[in-house]
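Beneath this line is the structure, given in structure tokens, with notes to follow.
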Amino acid sequence: MIGGGKSYVSAPPAFSNDAKRLLVCTGTAVSVFSTSTGLQILSLEGHTALVTAVIVVPGNKALSFCWTASLDGTVRYWDFAAAELMKTIDIKMPIYSMVIPALLLGQTDSKVMPADAFAYLSVENTTQDNAPKALRGQIRKCSLTESRLAGVILAETRKPEVISISPSGKFFGIRNKRKLHIWRAPAKDSKLPVAKITLHHTRNFTLLALHPTKRLVAAGDTSGRILIWRGFGNRKFSDGDKLVNQGSMNDEEGRPGIRGDDDADSCTTWHWHPTGINLLRFSSDGAYLYSGGKEGVLVDWQLDTGKKKFLPRIGSPLLYLTDSLDPSLSALSCADNQIHLLKMPSMEITKSISGIKLPFSSPDVYEGICSKFAFDDTDGLVALRTENYRIQFYSLFDDREISEVQVCERNHQPGDEVSVIVTLVSLSGDGSMMSTVEVNLPEDGIGGLVCLKFWASDSQNKNFNLSTIVYQPHRDAGVSALAFHPTRQMVVSSSYGGDFKIWVCSDEIQQKQDTLQHSGWMCYAVGSYKKKPMTAAAFSADGSVLAVAAETVITLWDPVNNMLVAVLGEMQMPIVTLSFAGNSDYLLSISRGSKPQLSVWSMSKLSESWSYKLDIEDVTCAKDSSSFAVLAHLPKSSTFMGSNEPIFQGKDGVILLFNATDPVPLAMWSVRKAKGGGLAFLKGNSFQQQSIADGKSPQALLAYINADHEYILFDPYDYDARELRMTRGKDRVAVDETARYGYASIYGELPQFEMKRDQTLLAPYAPSQRPWETIFSGSSHNLLPLPKLCLEFMESLLERRTTTVE
């Protein structure tokens with residue numbers, strides 16, 4: 001099994017000491033990426049729940065150690081160069097955030113932790129009840145050397161909060177509604193309480209950031225304002241520290257912007273962002289403050305003057321900014337599951353690490369059907385609709401982005417009102433063509449436009465070019481389905497307006513200058529049935545039959561002659577999906593509503609073969625057999641939801657594998673987050689078969705993508721794989737970044753010697769008349785012996801004297 005599709009932005013990443021690797025929290029693991037190639041090198045696996053923090057131990061660039069924390073209640077210590085777990089601390093409470101001041105205070109110069117190393121954890125007290133005002137969040141102190149909690153609770157909050165720490169390690173704090181709590185980390189362990197101050201505001205805070213060298217804290221609120229307190233803690237933390245501001249704390253007029261008796265010298269307010277602040281970070285030298293929010297603009301504030309410059313049009317809300325020990329390199333995490341590597345201080349994006357696009361919700365004003373996924377089963381790709389009017393092509397085998405296609409020529413501004421929705425995406429069988437449908441939403445009930453687009457690609461990188469645009473393809477009605485012909489350049493589109501249209505390429509392929517060019521598309525035929533809404537469409541495996549759902553009945557057509565061949569059945573609810581079961585003569589139909597149903601129809605008998613009353617989310621059929629799989633919801637009233645069977649606990653869906661000829665399922669797997677999920681049969685190459693089936697050759701691979709766009713690939717015919725687990729492929733490693741150890745790290749890998757002698761080396765040597773032209777050509781290991789080389793070379797430099805015969 002191979003799993004992927006994890007979020008890269010669930011927690012801030014961390015750079016290695018040499019800034020050549022980036023550690024990213026990805027679900028229950030930590031993925032290590034190369035900053036030069038953007039490819040994944042290795043993965044740290046061991047946690048059983050979401051990883052919420054990763055902290056690299058600073059020190060020599062040769063050291064590669066880190067601490068991680070997770071919702072599974074454990075803190076783990078790793079050697080991430082070798083992906084080796086070295087220590088585990090179980091505190092038995094979910095950990096939402098972690099800081100380790102000892103690592104920043106200069107107490108660690110090796111992998112051995114000091115005797116008084118402590119971590120401060122933001123945990124959830126699971127023993128509390130679910131009362132509305134229960135304090136479930138706690139800030140706890142944990143001894144990393146003794147592997148236990150210190151017992152003291154620094155603060156309690158309604159929910160666990162994120163802990164922020166200063167780069168110097170001297171202060172850390174949290175936000176708590178309209179308050180900031182800031183603690184001073186003790187230089188050495190003490191049984192005395194950790195000193196704390198509280199700062200107040202009139203609005204709820206979103207986050208805070210602490211200055212690397214000064215007693216200065218910046219905090220953002222929900223209105224987009226940034227508040228900067230200077231000289232905080234002069235009374236509470238006054239103990240001869242060189243950083244203490246010596247201004248008078250009793251002079252109220254000398255403390256502008258300070259509310260009440262807050263312990264600070266002054267408070268300044270900056271306001272540029274229109275909405276809440278998501279990102280705040282001081283530069284490594286403390287001269288600048290970086291901020292970002294939902295609008296997708298990184299703002300660089302000069303701390304002394306308040307002047308600002310911008311990195312605009314990033315295209316997604318900003319979440320985190322992470323510095324490295326290399327002052328010219330930083331990482332910017334965005335809400336669209338991308339991490340941009342920035343060249344500082346110019347803020348230039350040099351490389352991006354792109355994960356699978358996360359799901360987004362369509363506006364409530366749109367009531368049509370939106371396709372979730374389109375699959376290229378040959379290359380193992382999935383096409384996803386993105387929030388910024390694009391289609392992302394993502395490799396399910398390599399767990400990385402292949403390309404993005406801009407469907408609508410619009411500048412996406414996060415937070416703006418959505419006016420265009422990409423509703424449908426369909427790919428041809430070979431993945432070289434794509435068709436999309438976009439809807440311009442009406443304003444105040446006026447306007448609205450449906451646009452059908454055809455795309456062509458001649459490369460393996462899925463760089464699609466727009467071929468044809470059709471405005472209002474079905475008059476004022478919306479498009480309900482798109483389907484490609486399996487062998488020809490033909491597409492069918494069905495409409496809620498009561499008709500379907502068959503589109504063909506006007507000249508399917510033209511040979512011009514030895515390159516393949518796709519020409520425009522045109523309408524080939526139009527069909528309807530009793531003016532009923534056409535809700536679904538599908539071609540048979542050989543393309544000879546076109547099935548179109550006319551609301552509750554199925555109509556069969558000859559697509560070439562546009563003739564109605566037969567009409568099947570009468571369903572109780574509208575049909576939303578049609579699919580032929582591979583190369584068999586069976587047709588599947590799915591109905592939704594108050595009486596959902598899965599039906600299997602025999603094309604030879606033109607009648608229903610068998611059916612189930614199941615609420616089906618998605619269906620997929622194997623091309624080379626009569627097998628198909630469905631993703632069904634488990635109803636809340638079902639006995640399964642209250643079952644004591646482990647297979648159904650915490651699950652809301654089930655994958656059922658069928659043979660079209662038999663109503664008894666071949667296999668069944670229970671899954672989570674089935675609502676909004678999808679299924680697809682994929683063809684695996686030799687690498688995929690080796691990594692998934694351990695040398696076995698599966699008939700096909702089944703891909704399941706859940707509502708969060710996490711996915712898993714497995715062999716559905718391997719009946720030993722009853723439990724689906726999100727594991728990772730072990731062979732997805734950047735070749736140029738593979739770590740070396742011992743002898744190989746110094747001198748490189750030893751060559752592979754072949755014991756058989758190369759007979760070509762025994763060929764007689766015949767010097768040429770111009771040896772200097774070829775004497776040093778060729779590979780270095782094939783050069784002639786040095787004495788022979790020197791002799792020939794020296795002879796070529798000497799002038800040859802001719803002798804005369806008397």
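Taking 4.5 Å as the limit, every side-chain heavy atom of M534 sits out of range of all side-chain heavy atoms of S495. Within the 4.5 Å cutoff, the side chain of I421 has no heavy atoms near those of the Y389 side chain. A heavy-atom distance below 4.5 Å is not found between the side chains of I469 and F454. Residues V576 and S591 fail the side-chain proximity criterion, which asks for heavy atoms closer than 4.5 Å. Proximity of N465 to W455: side-chain heavy atoms (C-beta onward) are nowhere separated by under 4.5 Å. Between V422 and V437, every side-chain heavy-atom pair lies at or beyond the 4.5 Å cut-off. Counting heavy atoms from C-beta outward, V439 and L449 have side chains that stay 4.5 Å or more apart.
Rounded to the nearest 0.5 Å, atoms CE (M490) and OG (S428) are 14.0 Å apart. For the atom pair OH (Y586) and OG (S599), the distance works out to 14.0 Å, reported to the nearest 0.5 Å. Once rounded to the nearest 0.5 Å, the distance linking CD of E710 with CG of L358 reads 9.5 Å. S589 contributes atom OG, which lies 4.0 Å from atom CD1 of I554 (distance to the nearest 0.5 angstrom). Between S611 atom OG and L588 atom CG the span is 12.0 Å, to the nearest 0.5 Å. Separation of atoms CG (N659) and OG (S625) is listed at 7.5 Å; rounding is to 0.5 Å.
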Show me, pair by pair, the donor-acceptor contacts under 3.5 angstrom made by side chains of residues 557-570, not counting sequence neighbours?
{"from": "W557", "atom 1": "NE1", "to": "T555", "atom 2": "OG1", "distance (Å)": "2.7"}
{"from": "D558", "atom 1": "OD1", "to": "V560", "atom 2": "N", "distance (Å)": "3.2"}
{"from": "D558", "atom 1": "OD2", "to": "N561", "atom 2": "ND2", "distance (Å)": "2.7"}
{"from": "N562", "atom 1": "ND2", "to": "V526", "atom 2": "O", "distance (Å)": "3.0"}
{"from": "E570", "atom 1": "OE2", "to": "T552", "atom 2": "OG1", "distance (Å)": "2.8"}

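For the residue pair L50 and T28, the shortest heavy atom distance occurs at N-CG2, 4.2 Å. The heavy-atom pair separating S579 from C621 by the smallest distance is OG-SG, 3.2 Å. When all heavy atoms of D377 and G429 are compared, the closest pair comes out as OD1-O, 3.8 Å. In terms of heavy-atom proximity, V492 sits nearest to F500 at CG2-CD1, 4.0 Å. Residues D715 and A700 share a closest heavy-atom pair of OD1-O, 3.7 Å. Minimum interatomic distance between T26 and Y8 (heavy atoms only, all atoms of both residues): CG2-CD2, 3.4 Å.
D618 meets the salt bridge (charged side-chain N to carboxylate O under 4.0 Å, His left out) test with no other residue; sequence neighbours excluded. Partners of E401 under the salt bridge (charged side-chain N to carboxylate O under 4.0 Å, His left out) rule, at least two apart in sequence or in another chain, do not exist in this structure. Residues satisfying the salt bridge (charged side-chain N to carboxylate O under 4.0 Å, His left out) test with K453, not counting sequence neighbours, are E438. Legend: residues meeting salt bridge (charged side-chain N to carboxylate O under 4.0 Å, His left out) with D499, ordered by chain and number and at least two apart, are R475. For S594, the side chain to side chain contact (heavy atoms under 4.5 Å, CB included) partners are M573, not counting sequence neighbours.
The residues D399 and K6 are annotated as not salt-bridged, no charged nitrogen and carboxylate oxygen being separated by less than 4.0 angstrom.
Aromatic ring pairs are classed by plane angle as parallel below 30°, tilted from 30° to 60° and perpendicular above 60°; the pair W503 and H474 is perpendicular. Using cut-offs of 30° and 60° on the angle between ring planes, the pair W521 and F484 is perpendicular. By the 30° and 60° cut-offs, the orientation of the rings of W610 relative to Y612 is perpendicular.
Formation of a donor-acceptor pair under 3.5 Å by the D376 side chain with backbone atoms of T378 is found in this model. No donor-acceptor pair closer than 3.5 Å links the side chain of R592 to the backbone N or O of Q597. A donor-acceptor contact shorter than 3.5 Å is absent between the side chain of E387 and the backbone of D336. At least one donor-acceptor pair closer than 3.5 Å links the side chain of S403 to the backbone N or O of K462. Under the 3.5 Å distance criterion, the side-chain polar atoms of S609 are left unmatched by any main-chain donor or acceptor of V600.
Within a 6.0 Å radius of CD in Q572, other residues, nucleotides and ligands contribute 12 heavy atoms or fewer.
None of L679, V619, L614 except one satisfies the side-chain contact (heavy atoms from CB on, under 4.5 Å) rule with L631; the exception is L679. For the ring-ring contact (aromatic ring centres under 6.0 Å, His included) with F714, the qualifying choice from Y704, W669, F681 is W669, the only one to do so. With K357 as reference, Q392 is the one residue of R385, R390, Q392 to meet the side-chain contact (heavy atoms from CB on, under 4.5 Å) rule.
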